[in-house]
Amino acid sequence: MLQEKIKELKKKRNAIILAHNYQLSEVQEIADFTGDSLELARIASNVKEDVIVFCGVHFMAETASILAPNKIILFPDMNAGCPLANTITAQDLRDLKEKYKDAIVVSYVNTTAEVKAESDYICTSANAALVVEKIPEKRIIFVPDRNLGYYVSKKVKNKEMIIWDGFCPTHQRILPQDIIRLKEEHKDAKIVVHPECRKEVLDIADEIASTSGILRFCKEDTNKKYIIGTEAGLLYRLRKENPGKEFILASPLAVCPNMKKITLEKILCTLENMEPQVKVPETIREKALKPIERMLSL
Ligand code: SF4
C-alpha cells in the first residue's frame, strides 16, 4: 500500500513530512505535522531529521529552506506555485522602493525568496496588523495581497499604506452572494473567513482569521455551525478536530489547484529519488532571513 511504502521510505531517509492545512486530506493524514506556512517553517527549523518533505506550494518550501539551511527540502511537485506570490517580482518591489524612498516594506509570507530579500519585515495573515502597528514609520509598502492590505488598513490607523494589487485567485472566487445565500439557509451559522477574501466578504464576516486562527476560533467558540470562507482543505481538520460541529464551505470553487498538485504518489516518488529539492541560494537566503527575524522579534 502507498501509505506503508511512504512510511518505510521516510524512516530509511530519516525524513519528516510537513503538510499545509490546504493539502489533500490523504496528504494531511500521512503528514507528521500540519499547519499554516509559518508554523511549518518554524517546525522545519527545529526538526532533528535530515530530510523534510514539504507538502504545500513553492514559496513555503523556500521559507523552510531559508529557516533550515542545513536540511534537505524535498518538494514533490515543482509546478505547485502560488499565483498570489507570483504577482510581484523583486524588480517590481525595487521600483516601488525607489518611488517611495521613505517607506518601510512589509511583505506577506506569500512571496518568493527574492521578494523577501528586498523587504524590511515579513508578516503572516495571523500577525499582519500587529507587525504594521509596531513599525514606527508612517508610510508602509504592503505586498502582495490587496485584501490582506485592506484588512490591515482597517485595523491600523495612522499609517499610509501603499498596497500592491495582488490577490489569491482561490479566495477571490468566494463571493459575498455565496455567503449571504448560505446564511439565509443556516441562520444560526457564524461566518468565519480568511483575510485573503475580497473586501466585500471581509465586511460581512463575524470573524476574520488565518488558517490557524480559524482552527483556534472554531474550537474555542461555543457556536455549533460555521460558514467557512477559505480553501476547502481546511475543512478536513476543522471536521476532524470538532466532531460535534458543522462546517459549510462558503463556495465549492474555493479549491486551490496548486495545493492539490501534491499527491501520495508524488511524495513516494520524491522520497525514492531524493528530488526535486528546493534550496535558496545563500546570498538571497541571508537577506531574506533578516525580515523574517525582524518579524519574529516583534
Ligand atoms: Fe496561493 Fe491562494 Fe493557493 Fe494559497 S490558496 S497557495 S494564496 S493561490
Side-chain angles (χ1 to χ4, degrees), residues 18-25 27-28 31 34-41 44 54-65 73 75-89 92 106-116 119 122-128 142-152 163-175 178 192-199 201-202 205 208-215 228-238 249-263 266 278:
L18 306 183
H20 189 266
N21 289 323
Y22 293 162
Q23 288 288 291
L24 291 168
S25 52
V27 172
Q28 294 195 41
T34 49
D36 62 26
S37 51
L38 190 74
E39 281 171 340
L40 295 178
F54 203 102
C55 305
V57 290
H58 191 264
F59 79 81
M60 296 177 182
E62 275 189 338
T63 311
S65 169
I73 313 287
F75 185 52
D77 188 335
M78 282 305 228
N79 293 317
C82 169
L84 167 60
N86 294 338
T87 59
I88 186 162
T89 64
D92 291 331
V106 179
S107 293
Y108 186 25
V109 69
N110 294 39
T111 42
T112 61
E114 288 81 3
V115 168
K116 286 186 178 73
S119 309
I122 302 301
C123 73
T124 68
S125 49
N127 67 13
F142 190 90
V143 304
D145 189 273
R146 67 183 182 204
N147 298 316
L148 183 61
Y150 167 77
Y151 169 69
V152 171
I163 300 171
W164 187 255
D165 197 24
F167 60 88
C168 159
T170 299
H171 285 86
Q172 195 72 5
R173 288 194 288 273
I174 301 170
L175 303 175
D178 296 331
V192 185
V193 307
H194 192 279
E196 282 173 27
C197 287
R198 44 174 87 222
K199 63 179 184 192
V201 168
L202 300 181
I208 301 168
S210 64
T211 55
S212 48
I214 294 175
L215 285 162
I228 302 294
T230 193
E231 208 277 341
L234 192 67
L235 273 81
Y236 171 74
R237 260 186 86 181
L238 281 168
L249 186 63
S251 164
L253 302 178
V255 178
C256 173
N258 288 289
M259 282 284 180
K260 307 312 187 211
K261 281 183 179 152
I262 311 290
T263 60
K266 288 179 192 168
V278 169

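Note that ligands are numbered from 1 as they come in the structure, with each ligand's atoms numbered from 1 the same way. Sequence positions, counted from 1, serve as the residue numbers for this chain. Note that the coordinates shown come from a computational prediction; the quantities given were computed from them, not determined experimentally.
Of all protein heavy atoms, the one lying nearest to atom 4 (Fe) of ligand 1 is Tyr22 CE1, 4.0 Å. The shortest contact between atom 1 (Fe) of ligand 1 and any protein heavy atom is with Cys82 SG, 2.4 Å. Nearest protein neighbour of atom 3 (Fe) of ligand 1, counting heavy atoms only, is Cys256 SG, 2.4 Å.
Cys168 lies close to atom 2 (Fe) of ligand 1, since one of its N, O or S atoms is found at a distance under 2.8 Å.
With a 4.5 Å cut-off on side-chain heavy atoms, Leu24 and Ile262 do not count as touching. Residues Phe59 and Thr112 are not in side-chain contact: their nearest non-hydrogen atoms beyond the backbone lie 4.5 Å or more apart.
Between His58 and Phe75, the ring-plane angle classifies as perpendicular under the 30° and 60° cut-offs.
Taking each of Ala254, Gly81, Pro83 in turn, the one with a heavy atom nearest to atom 8 (S) of ligand 1 proves to be Pro83.
To the nearest 0.5 Å, atom CD of residue Gln23 and atom CG of residue Leu18 are 11.0 Å apart.
Here Asn258 has no heavy atoms under 4.0 Å from ligand 1, in either its backbone or its side chain.
Thr230 and Tyr22 are linked by a side-chain donor-acceptor pair at a separation below 3.5 angstrom, with hydrogens and angles left out of the test.
Taking every heavy atom of Asn110 and a limit of under 4.0 angstrom, the matching atoms of ligand 1 come to 7 (S). Taking every non-hydrogen atom of Val57 and a distance limit under 4.0 Å, the qualifying atoms of ligand 1 come out as 6 (S).
Of the listed residues (Asp165, Thr89, Val115, Ile88), just one forms a side-chain contact (heavy atoms from CB on, under 4.5 Å) with Pro144, and that residue is Ile88.
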